[in-house]
S.K.: 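This is the structure I have questions about; it appears just below.
We name chains A, B, ... by the order of the sequence lines, and we start the count at 1 in each one.
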Amino acid sequence: MAADRYDAPTREKHWQQAWELKSLFEASEDDQRPKYYVLEMFPYPSGRIHMGHVRNYTMGDVVARYMRARGHNVLHPMGWDAFGLPAENAAIERGVHPAKWTYDNIATMRGQLKSMGLSLDWSRELATCDVEYYHQQQKLFLDMLAAGLVDRKTRKVNWDPVDKTVLANEQVIDGRGWRSGALVEQREQPEWVFKITDYAEDLLDALQDLDRWPEKVRLMQANWIGRSEGLIVRFETIEGTAPEDFATIEVFTTRPDTLFGAAFLAIAPDHKLARAIASTDRDSQAFIDECHHHGTSAAELETLEKKGFDTGVRVAHPVIEGAELPVYIANFILMEYGTGAIFGCPAHDQRDLEFARAYDRPVTPVVLPPGEDPSTFEIGEEAYTGDGVMINSDFLDGLAMADAKIAMADRLAARTSDGAPQGVRKTEFRLRDWGISRQRYWGCPIPMIHCETCGIVPVPADDLPVKLPDDVSFDVPGNPLDHHPTWKTVACPNCGGIARRETDTMDTFVDSSWYFARFCSPRASVPTDTNAVGYWLPIDQYIGGVEHAILHLLYSRFFTRAMHKTGHVTIDEPFRGLFTQGMVTHETYKDADGKWLLPEEVTLRDGKAVQVKTGAPVTVGAVESMSKSKKNVVDPDNIIGAYGADTARWFMLSDTPPERDIEWTAGGVEGAHRFLQRVWRLVGEAADKGAAPGTPAPVESGTEAEALRRAAHKAVAGVTGAIEKLRFNTAVARSTSWPTRSRLRCRASAKQSEDDLKFAMREAAQLLARIAAPMVPHLAEECWALLGNEGLVAEQPWPEADSALLTEDTVTIAVQVNGKRRDELTIARDASKEDIEAAALGLENVTRAIGGRKIKKVVIVPQRIVNVVA
RNA sequence: GCGGACGUGGUGGAACUGGUAGACACACAGGACUUAAAAUCCUGAGGGGGGCAACCCCCGUGCGGGUUCGACUCCCGCCGUCCGCACCA
């Protein structure tokens, strides 16, 4: 007889050791079973794991354990996204070396992850800051360079003039540097870029085939790539108003149909015309300077008040004889998109409208919404962006919008201006090339050398790796690699002269764009072992946060194509299945002074939230995603220490659909824990009172026993289906319902000592242990052992539900009268429509509801519903 | 600003391809056990109304329309909340 409580924290360690002893989770390509690669996005080693990790890795583990039980050769690795800014911040703030800080964090977090009982192949562990890893990454970079996938471009960065450093967008707060508080300046800087735009079309088209990706992620990526068909229109400048060499201004537009409504031209502050004007005009220079005193993030730029500067340049309207339009420099025009210049049509674009109102430009509607009268239609505060019929547009009048686009494009293509067609059809993409240069120490060095005589030359492959120097100082602002005394000095591989190493390091998105491929052969002396990647890739199921929906996933898709081109993999799409899980949220708490409080500092007394120590009142705030700044965090270690990993895992899977945000509550954790204890007691009872292991099924079962068997087999079918669809919350519900319901039956069986019931009881307990194993693996092992079974449940195949026990002979269906449910009907599953109709119309409640009216129609859907229309 | 999602009892949520809305749980209430409490076990319940009662009626999936024999589910228009926006990872 077992103790009366399951001591999870102690027993969990035992089972973890048992798995490790048998190396159950180490994968090899040398295996006859079908492969299955499941991966969760690897963590940044910030210090300790958080509940978001617990949720993410629990989900992945359920899939891994389930697929293993289904007879697959499962690869389920773990590593560390270990380069990045926080390590440098720690160095600046606390004087710890980034490497020490990072590896210490990894050690802590590895221990925490191990305590979760994840079925990971730890033999493949890697950290992106390992020299072995970034060495291979530098090789990939050189291969991509040779393949023409690397370029050098000028880009804008946030410059902190006090700290003399480039700031990340998150380090710019209200236009100021987070540390110095200085006003940020935009600065142009030459950078290394990956030519992702070469693949824009392909990355977009291939989304269609990613049918195991969430629709919303595909949509977001499609919008991000932003393919648009349009027209480059050449506007001729009016003589004498523009500087020399600016006979025309090129504008990209997707709305050539609205050209008759054009009220102005606007160019980006970095447009070459803007620069030319500013070189001789102080006012325009001042305006451009003002534009440069904002962060570079799109969100910031686009929420700015729209401002413009009239350059005095005038252009001729291309299709209205004699009409002229003013040219403004405007703060909301991006140089990166299209030609860096637009024509503004205020009536049909909201931004243009706001600009026109501010600068007193005419608003002429040219598209008439359906049902409006052309003589009275006016634009108020809102631009009209919908479809309609052209008005006020000369030769376009009366055409539909789509036809007008074509007509205008044809007209402009046929005209020449300055010796070239005035309009040229063009497909533009919003997607920009991927700038990977970072002026940081803690990243993968870009293996390039700047030589005064030979230009920029790659580091020869034999000289790799370019290692980060250990002896760096963070006392001086800026990039430590740049002011290291010796590191950057190197002999030019070409001429042998003194040259300078590239001091930029790579964006950490590069590291995470191929780690999944490296996991296939983590110790290979080349980036990827072709056998290994050929066997394991693509990833069958990738799981991670929706916040990575665009950048990480898109970069990885590009990088896989680049690795294909350079011969490192043979596929284009790395992630066959993708699942994005929601965040973990918690209530927030503040004391009387408005200071944030940790959940563990708060307790409920007489229904009121108070501080544990002082009893002082606490204000309970909104439920928000867990963040250190708001202190609404719960440390997984505390939960696992108090309740065990299975409780944390169970809670993370239950109730809330996996793609949605989950609210962590103390009550929920206790509920999960109580349930697991109940399962353990129930299985203990079944072990004591049920049939002995290996007892064959009795020939016949009584009603009680049959009901119990049905419940168990339905649970198996339900959990199987739910896990297949990654509906973990439903899987939990399916496994909780029958132990709850069967309690009495189990007890009854024990009392009556009948063989059929004893058998059913054992069968049910055995099945429960097996279907719960992916979700609560430790408890499942405990139950498996308690029931007297040999071996580990982790080695058991997934149970099959007996289909004979899944379907009932009779069904209960609802009977509606005029769409309202009036009664229900229990009838043979295969009853004919006639029988169902007769039975339904014979019901007293139905007759009453019909109330003597004439029956017009009876809708019968067998096994589902009857609807009498009267 | 642009793009994307989400909204169902007191709470988290379930509901297959349009077919009994509220499964399963949390919290709550009542009961059993206990000297007592905790734990455990049992029972109840969307809201409102009627009936001694088995039961019956009305309303109900953010709001307003529409399609349909039938709508949480499909369509149109609102409202609210959350996420991403290229140097956080």
S.K.: Whole angstroms only, please: what is the CH2-P distance between Trp650(A) and C26(B)?
M.R.: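 About 12 Å, once rounded to whole Å.
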S.K.: Looking only at side-chain atoms of Val859(A), point me to the closest of C87(B), G4(B), G19(B).
M.R.: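 Given the options C87(B), G4(B), G19(B), the side chain of Val859(A) is closest to G19(B).
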S.K.: Which atom names give the shortest non-hydrogen contact between Tyr337(A) and Ser228(A), and what distance separates them?
M.R.: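 Looks like OH-OG, 2.9 Å.
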S.K.: Counting side-chain heavy atoms from C-beta on, which of A89(B), C85(B), C87(B) comes nearest to Thr508(A)?
M.R.: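 Of the options given, the side chain of Thr508(A) lies nearest A89(B).
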S.K.: Assuming nearest nucleotide by heavy-atom distance, tell me which of Leu431(A) and Val815(A) is located more 5' along RNA chain B.
M.R.: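 Result: Val815(A).
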S.K.: By nearest atom, which of the nucleotides U20(B), G19(B), A23(B) is closest to the Val861(A) side chain?
M.R.: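 Looking only at heavy atoms from C-beta outward on Val861(A), the closest nucleotide is G19(B).
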S.K.: Among G4(B), C57(B), A89(B), which is the nearest nucleotide to the side chain of Leu551(A)?
M.R.: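 So the nucleotide nearest the side chain must be A89(B).
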S.K.: I need the residues from residues 82-93 of chain A with at least one non-hydrogen atom less than 4.0 Å from RNA chain B; give them sorted by number, or say none.
M.R.: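 Here the set is Gly84(A), Leu85(A).
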S.K.: Rounded off to whole Å, could you give me the CG-to-C1' distance for the Asn845(A) and C56(B) pair?
M.R.: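 In whole Å, C56(B) C1' and Asn845(A) CG are 8 Å from each other.
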S.K.: What is the ring orientation for His548(A) with His552(A), classed by angle as parallel under 30°, tilted 30 to 60°, or perpendicular over 60°?
M.R.: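 Perpendicular: the ring planes of His548(A) and His552(A) meet at over 60°.
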S.K.: Does Ser654(A) offer a backbone N or O that forms a donor-acceptor pair with the side chain of Asn729(A) under 3.5 Å?
M.R.: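 Side chain of Asn729(A) to backbone of Ser654(A): no pair is present.
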S.K.: Under 4.0 Å between a side-chain N or O of Asn223(A) and OP1 or OP2 of G4(B)?
M.R.: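 For G4(B), OP1/OP2 do have a side-chain N/O of Asn223(A) under 4.0 Å.
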S.K.: C58(B), C69(B), G19(B): which one has an atom nearest the side-chain heavy atoms of Ile865(A)?
M.R.: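 For Ile865(A), the side-chain atoms sit closest to G19(B).
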S.K.: Check the phosphate of C59(B) against Lys820(A), side-chain N and O only, distance under 4.0 Å to OP1 or OP2. Yes or no?
M.R.: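 Result: yes.
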S.K.: Check whether any side-chain N or O of Arg681(A) sits under 4.0 Å from OP1 or OP2 of C41(B), and answer yes or no.
M.R.: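 Answer is yes, contact under 4.0 Å.
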S.K.: Rounding to a whole Å, what distance do you find between Met583(A):CE and G84(B):C1'?
M.R.: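 That distance rounds to 11 Å.
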S.K.: Is there a donor in the side chain of Trp514(A) and an acceptor in the side chain of Tyr133(A), or the other way round, less than 3.5 Å apart?
M.R.: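 There is such a pair between these side chains.
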S.K.: Counting any heavy atom closer than 4.0 Å, what does Ser512(A) reach on the DNA or RNA strands: base, sugar-phosphate only, or nothing?
M.R.: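 Answer is nothing: Ser512(A) stays at 4.0 Å or more from every strand.
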S.K.: Here's a test of your reading of the structure: between Val166(A) and Val866(A), which maps to the more 5' nucleotide of RNA chain B?
M.R.: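 First, find each residue's nearest nucleotide; the 5'-ward one identifies Val866(A).
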S.K.: Which one, G19(B), C87(B), A89(B), comes nearest to the side chain of His548(A)?
M.R.: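 Ranking G19(B), C87(B), A89(B) by closest atom to the His548(A) side chain puts A89(B) first.
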S.K.: Assign the ring pair Trp434(A) / Tyr555(A) to parallel, tilted or perpendicular, where the plane angle (0 to 90°) is split at 30° and 60°.
M.R.: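 Parallel: the ring planes of Trp434(A) and Tyr555(A) meet at under 30°.
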S.K.: How close do Ile850(A) and Arg853(A) get, heavy atom to heavy atom, and via which atoms?
M.R.: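 Residues Ile850(A) and Arg853(A), closest heavy atoms: O-NE, 3.0 Å.
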S.K.: For a quick check, tell me whether the side chain of Gln350(A) and the base of C2(B) share a donor-acceptor pair closer than 3.5 Å.
M.R.: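 Donor-acceptor pair under 3.5 Å: no.
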S.K.: So Glu354(A) and Arg357(A), salt bridge (charged side-chain N to carboxylate O under 4.0 Å, His left out) or not? Walk me through it.
M.R.: CA-CA 5 Å; Glu354(A) 284 167 32; Arg357(A) 295 286 189 229; over 6 Å; no
S.K.: Output the single nucleotide from U20(B), G1(B), A86(B) whose closest atom is nearest the side chain of Gln816(A).
M.R.: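 Within the option list, the nearest is U20(B).
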S.K.: Looking at A86(B), A89(B), U20(B), which one has an atom nearest to any side-chain atom of Arg821(A)?
M.R.: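 My answer, after comparing the listed nucleotides, is U20(B).
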S.K.: Got a donor-acceptor pair under 3.5 Å from the side chain of Arg155(A) to the base of C87(B)?
M.R.: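 For Arg155(A), whose side chain was compared with the base of C87(B), there is no donor-acceptor pair (under 3.5 Å).
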S.K.: Could you check if a side-chain atom of Val166(A) sits within less than 4.5 angstrom of a side-chain atom of Trp159(A), using non-hydrogen atoms only?
M.R.: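 In short, these two side chains touch, coming nearer than 4.5 Å.
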S.K.: If only side-chain N and O atoms of Arg430(A) are considered, is one of them under 4.0 Å from the OP1 or OP2 phosphate oxygen of C2(B)?
M.R.: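 No, outside the criterion.
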S.K.: Has Arg674(A) got a side-chain N or O lying under 4.0 Å from the OP1 or OP2 atom of A27(B)?
M.R.: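 Yes, within the criterion.
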S.K.: Salt-bridged, Asp160(A) to Arg179(A), with N to O below 4.0 Å?
M.R.: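 Judged by the 4.0 Å cut-off on N to carboxylate O distance, Asp160(A) and Arg179(A) do not form a salt bridge.
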S.K.: Arg822(A) side chain N/O closer than 4.0 Å to the phosphate oxygens (OP1, OP2) of C58(B)?
M.R.: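 Yes, within the criterion.
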S.K.: Once you round it to whole Å, what is the distance between P of A89(B) and CD1 of Ile550(A)?
M.R.: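 Whole-Å distance recorded here is 17 Å.
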S.K.: Which dot-bracket string fits RNA chain B when only Watson-Crick or G-U wobble pairs with both atom distances under 3.5 Å count, crossing pairs get [ ], and | stands for a partner on a different strand?
M.R.: (((((((..(((......[....))).(((((.......))))).(((((....)))))..(((((..]....))))))))))))....
S.K.: Considering every strand and a 4.0 Å limit on heavy-atom distances, what is the contact class for Gln221(A): base, sugar-phosphate, or nothing?
M.R.: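 Gln221(A): no heavy atom of the nucleic acid under 4.0 Å.
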S.K.: Measure from CZ on Phe675(A) to C1' on A27(B) and round the result to the nearest Å.
M.R.: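 Taking CZ of Phe675(A) and C1' of A27(B), I get 18 Å after rounding.
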S.K.: Would you say the base of C87(B) and the side-chain of Arg440(A) have a donor-acceptor pair closer than 3.5 Å?
M.R.: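 Looking at the base of C87(B), it does pair with a donor or acceptor on the side chain of Arg440(A) (distance under 3.5 Å).
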S.K.: Just call it for Trp224(A): base, sugar-phosphate, or nothing, with non-hydrogen atoms closer than 4.0 Å on any strand.
M.R.: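 It contacts base atoms.
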S.K.: For Asp81(A) and Pro45(A), work out which heavy atoms get closest and say how close.
M.R.: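 Scanning both residues, the minimum pair turns out to be O-CD, 3.3 Å.
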S.K.: Test side chain to side chain contact (heavy atoms under 4.5 Å, CB included) on Asp507(A) and Arg438(A) and set out the steps.
M.R.: CA-CA 6 Å; Asp507(A) 178 9; Arg438(A) 299 291 182 269; 3.1 Å; yes
S.K.: Could you go through the side chain to side chain contact (heavy atoms under 4.5 Å, CB included) check for Arg727(A) and Glu659(A) one step at a time?
M.R.: CA-CA 9 Å; Arg727(A) 305 283 298 165; Glu659(A) 70 279 6; 3.7 Å; yes
S.K.: Parallel under 30°, tilted from 30 to 60°, perpendicular over 60°: which one fits the rings of Tyr199(A) and Phe558(A)?
M.R.: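 Tyr199(A) vs Phe558(A) ring planes: perpendicular.
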S.K.: Pairs under 3.5 angstrom, nitrogen or oxygen only, protein versus nucleotides 10-15 of chain B, please.
M.R.:
residue : atom : partner   : partner atom : Å
G12(B)  : O2'  : Thr656(A) : OG1          : 2.9
G12(B)  : N2   : Asp655(A) : OD1          : 2.5
G13(B)  : O2'  : Asp655(A) : O            : 3.3
A14(B)  : OP1  : Arg727(A) : NH2          : 3.1
A14(B)  : OP1  : Asn729(A) : ND2          : 2.9
A15(B)  : OP2  : Arg727(A) : NH2          : 3.3

S.K.: Determine if the base of G12(B) is syn or anti; take syn to mean the glycosidic torsion is within 90° of 0.
M.R.: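 G12(B): anti glycosidic orientation.
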S.K.: For the pair made of CZ in Arg218(A) and P in G4(B), what is the distance, rounded to whole Å?
M.R.: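 Interatomic distance, CZ of Arg218(A) to P of G4(B): 15 Å.
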S.K.: Decide salt bridge (charged side-chain N to carboxylate O under 4.0 Å, His left out) for Lys156(A) and Asp270(A); before the verdict, give the C-alpha distance in whole Å, the side-chain angles of both, and the deciding distance to 0.1 Å.
M.R.: CA-CA 10 Å; Lys156(A) 269 199 232 164; Asp270(A) 298 304; 2.5 Å; yes
S.K.: Between C87(B), A89(B), G19(B), which nucleotide has the shortest distance from any of its atoms to the side chain of Gln439(A)?
M.R.: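 The listed nucleotide nearest to Gln439(A)'s side chain is C87(B).
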